[in-house]
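One structure below.
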Amino acid sequence: MNVLPKGVRHIPGHLGRREQEDLVEDVRSVVRAAPLFQPVMPRSGKPLSVKMTNCGELGWVADRSGYRYQARHPDSGEVWPPIPERLLKLWKEVSGHDAPPEACLVNFYSETAKMGLHQDRDEEDFTAPVVSVSLGDDCLFRVGERDRDGRTTSIKLRSGDVVILGGEGRLSFHGVDRIYPSTSTLLKNGGRINLTLRRVTKPA
DNA sequence: AAGTTTCG
DNA sequence: TAGT
């Protein structure tokens with residue numbers, strides 16, 4: 001019986017179809033304002049397979065210089081568009097955290113995209129959880145513990161699912177091993193969108 | 001360093 | 001630029 005690591009919560013089907021469609025509209029408008037860019041590995045410049053953008057006061061970027069949060073789009077130099085209301089509402093529903101999210105990373109996975117096992121650790125504040133929303137095709141999500149060599153568990157994430165990494169689970173290693181093409185009709189061109197809401201700065 | 005590969 |  002494979003249980004999720006402590007502090008990792010999976011809420012299958014948290015969002016209904018209509019809410020998912022509304023969120024896709026929100027994402028479309030974010031992408032219009034802040035076009036997807038191709039993140040690359042620090043130093044090597046090797047591209048990640050996902051495309052990404054952000055909304056919120058801060059956005060996560062990856063380039064040859066490193067990983068960091070910044071207030072502006074790396075290509076356009078524009079500030080990121082605001083986090084859509086319905087994501088702020090979702091955060092209030094599930095995060096158990098008073099302060100609103102400062103960053104929402106938008107990752108787009110093509111049929112072949114993956115994300116290696118990693119920690120979300122570029123934030124200054126680990127007291128707030130990470131809240132993530134899946135839209136579109138199913139994926140195989142793998143989650144472990146705070147140490148890279150800890151036990152890992154794989155679960156299938158479907159469109160409308162929410163995953164929360166909080167408390168002991170805040171620094172859990174996690175990644176996406178594969179996308180299951182054509183498993184959702186939410187996105188016309190297929191693929192998967194992941195939205196990740198985070199606090200970045202230290203609490204006052 | 002959030003890659004890839006391999007493994008679990 | 002994750003519908004035309």
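As the structure is a computational prediction, the values presented were derived from the model and not from experiment. Note on naming: letters A, B, ... go to the chains in the order of the sequence lines (proteins, then strands), and numbering restarts at 1 for each one.
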So for A:Arg121 and B:dA1, does any side-chain atom that can act as donor or acceptor lie under 3.5 Å from a complementary atom in the base?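 No, the side chain and the base share no sub-3.5 Å donor-acceptor pair.
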Report the residue (A:Arg43 or A:Ser49) whose heavy-atom-nearest nucleotide on DNA chain B is the more 5′ of the two.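 So the residue in question is A:Arg43.
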Under a 3.5 Å distance rule, please check whether A:Glu145 uses its side chain to pair with a backbone N or O of A:Ser172 as donor and acceptor.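 A pair under 3.5 Å: no.
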Under 4.0 Å from OP1 or OP2 of B:dA2: is there any side-chain N or O of A:Arg68 that close?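 For B:dA2, OP1/OP2 do not have a side-chain N/O of A:Arg68 under 4.0 Å.
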Check A:Glu123 with A:Arg198, please: is the shortest side-chain N to carboxylate O separation under 4.0 Å?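 A salt bridge is present here (some side-chain N lies under 4.0 Å from a carboxylate O).
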Check ion pair A:Glu21-A:Arg17 (N to O, under 4.0 angstrom):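 Salt bridge: yes.
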Please confirm whether the ring centroid of A:His73 lies under 6.0 Å from the ring centroid of A:Phe37.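 Yes, the ring centres sit under 6.0 Å apart.
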Calculate the interatomic distance between [X] atom [atom1] and [N] atom [atom2]; express it in whole Å.
| X | N | atom1 | atom2 | result |
| --- | --- | --- | --- | --- |
| A:Leu140 | B:dC7 | CG | C1' | 13 Å |
| A:Leu117 | B:dG3 | CG | P | 9 Å |
| A:Arg198 | B:dA2 | CZ | P | 13 Å |
| A:Arg178 | B:dT4 | CZ | P | 15 Å |
| A:Phe173 | B:dG3 | CZ | C1' | 15 Å |
| A:Leu165 | B:dA2 | CG | P | 15 Å |
| A:Leu171 | B:dA2 | CG | C1' | 14 Å |
| A:Asp177 | B:dT4 | CG | P | 12 Å |

Would you indicate what A:Gly191 reaches in the nucleic acid, counting non-hydrogen atoms under 4.0 angstrom: base, sugar-phosphate, or nothing?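 No contact.
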Sugar-phosphate only, base, or nothing, as touched by A:Ser154 at under 4.0 Å among non-hydrogen atoms: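 Base contact - A:Ser154 has a heavy atom under 4.0 Å of at least one base atom.
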I'd like a table of atom pairs between the protein and nucleotides 1-4 of chain C - only N or O on both sides, under 3.5 Å - with the distance next to each one.
from  : atom 1 : to       : atom 2 : distance (Å)
C:dT1 : O4     : A:Leu36  : O      : 3.0
C:dA2 : OP1    : A:Arg28  : NH1    : 2.4
C:dG3 : OP2    : A:Lys188 : N      : 3.0
C:dG3 : O5'    : A:Arg28  : NH1    : 3.0

What verdict does the side-chain contact (heavy atoms from CB on, under 4.5 Å) test give for A:Asp161 and A:Ile11, after you've listed the backbone C-alpha separation in whole Å, the side-chain angles of each residue and the deciding distance to 0.1 Å? CA-CA 6 Å; A:Asp161 289 3; A:Ile11 313 178; over 6 Å; no
Identify the heavy atoms of A:Ala113 and A:Val50 that sit nearest to each other, and give their distance.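 Nearest pair, atom of A:Ala113 first, then A:Val50: CB-CG1, 4.3 Å.
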side-chain contact (heavy atoms from CB on, under 4.5 Å) involving A:Pro47 - partner list, sequence neighbours excluded: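 So A:Pro47 forms a side-chain contact (heavy atoms from CB on, under 4.5 Å) with A:Gln38, A:Val40.
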